[in-house]
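Before any comments, here is the structure.
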Amino acid sequence: MQPALNSDLIALCRKRRVIPVLTIVDIAHAVPLARALVEGGLDILEITLRTPAALDAIRRMVADVPGAIVGAGTVLTPAHAESAMAAGARFLVSPGATGRLLDAAAKWPVPLLPGVATASEAMAVLERGLTFAKFFPAESAGGIPALKSLAGPLAGLAFCPTGGVGQANLAAYLACPNVVCVGGSWVAPQALVDAGDWAGITKLARAARG
Ligand code: 3PG
């Protein structure tokens, strides 16, 4: 299953509803962490390009965790995207949506989920024919009231709110009609990762799925 279009990502994400956002510091954690999340029912994984281990983490998860759909996050430039795709990323996520990134994304074989926080940014994404965006940073950009306000005038855009989403507000976000799924790091707390508590992470993933 290879999503090619931004709109194809919607179908994938609608089934899972939660995308773990993972920042891998120690490469040894990459595969067991991905396995723990897949075991808990969360198989779409966003690996942020914020650490030296990130690209290798993507490569290893793609090679060794066959059930995982691995993408790259924190894609700030076309060069980041090229490296991530070469590592095997099947989708790309950016915190914002620059013209340069959107122009380049039109030519990529994997979809981009661009970040938006305002109506103007959302319109710029819609102008490119994209119908699915990350709403970032969700909680500090207005949270659920902001998503509800955007739903009327921007009915053609579906969102993945990320940033400040957790188990406590997950259900409320998912109840918004224009929210397809949410993203967040809460399912893989650094303390559990450092402790190698993979069963604990599987439990958090199951709770998020539930
Ligand atoms: C990020 O890119 O850092 C994500 O938005 C994750 O945010 P969170 O840590 O608040 O879940």
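Note: L112 CG to F91 CZ = 11.0 Å, rounded to the nearest 0.5 Å. Here L76 contributes atom CG and L101 contributes atom CG; the two are 8.0 Å apart, rounded to the nearest 0.5 Å.
Using a 3.5 Å distance cut-off with no hydrogens or angles, the side chains of T23 and T51 do not pair a donor with an acceptor.
Residues passing the ring-ring contact (aromatic ring centres under 6.0 Å, His included) test with H80, sequence neighbours excluded: none. For E139, the side chain to side chain donor-acceptor pair (under 3.5 Å) partners are Y173, not counting sequence neighbours. Qualifying ring-ring contact (aromatic ring centres under 6.0 Å, His included) partners for W186, counting only residues two or more places apart in sequence or in other chains: none.
Across every non-hydrogen atom of P20 and L45, the tightest pair is CG-CD2, 3.8 Å. Summarising the geometry of I58 relative to A87, their closest heavy-atom pair is CG2-O, 3.6 Å, with the distance given to 0.1 Å.
Counting only residues at least two apart or in different chains, ring pair (Phe, Tyr, Trp, His ring centres under 6.0 Å) contacts with residues 9-31 comprise H29-W198. Applying the salt bridge (charged side-chain N to carboxylate O under 4.0 Å, His left out) test to pairs two or more places apart or on separate chains, those with a residue in residues 24-49 are R16-D43, E39-R206. Residue pairs meeting the salt bridge (charged side-chain N to carboxylate O under 4.0 Å, His left out) criterion with at least one member in residues 96-117, sequence neighbours excluded, are D103-R128.
T131 contributes no side-chain N or O that, together with a main-chain N or O of G156, makes up a donor-acceptor pair within less than 3.5 Å.
The side-chain contact (heavy atoms from CB on, under 4.5 Å) test with F136 singles out one residue from P114, P95, P161, C160, and that residue is P95. A side-chain contact (heavy atoms from CB on, under 4.5 Å) with V70 is found for exactly one of I44, L22, I47, namely I47.
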| message | Using the rule given for side chain to side chain contact (heavy atoms under 4.5 Å, CB included), can you reason through F135 versus V179, listing the C-alpha separation, both sets of side-chain angles and the distance that settles it, and then say yes or no? | response | CA-CA 9 Å; F135 179 55; V179 169; over 6 Å; no
| request: Starting from the C-alpha separation in whole Å, work towards a yes-or-no answer on side chain to side chain contact (heavy atoms under 4.5 Å, CB included) for V65 and R60. | output: CA-CA 8 Å; V65 191; R60 291 196 193 191; over 6 Å; no
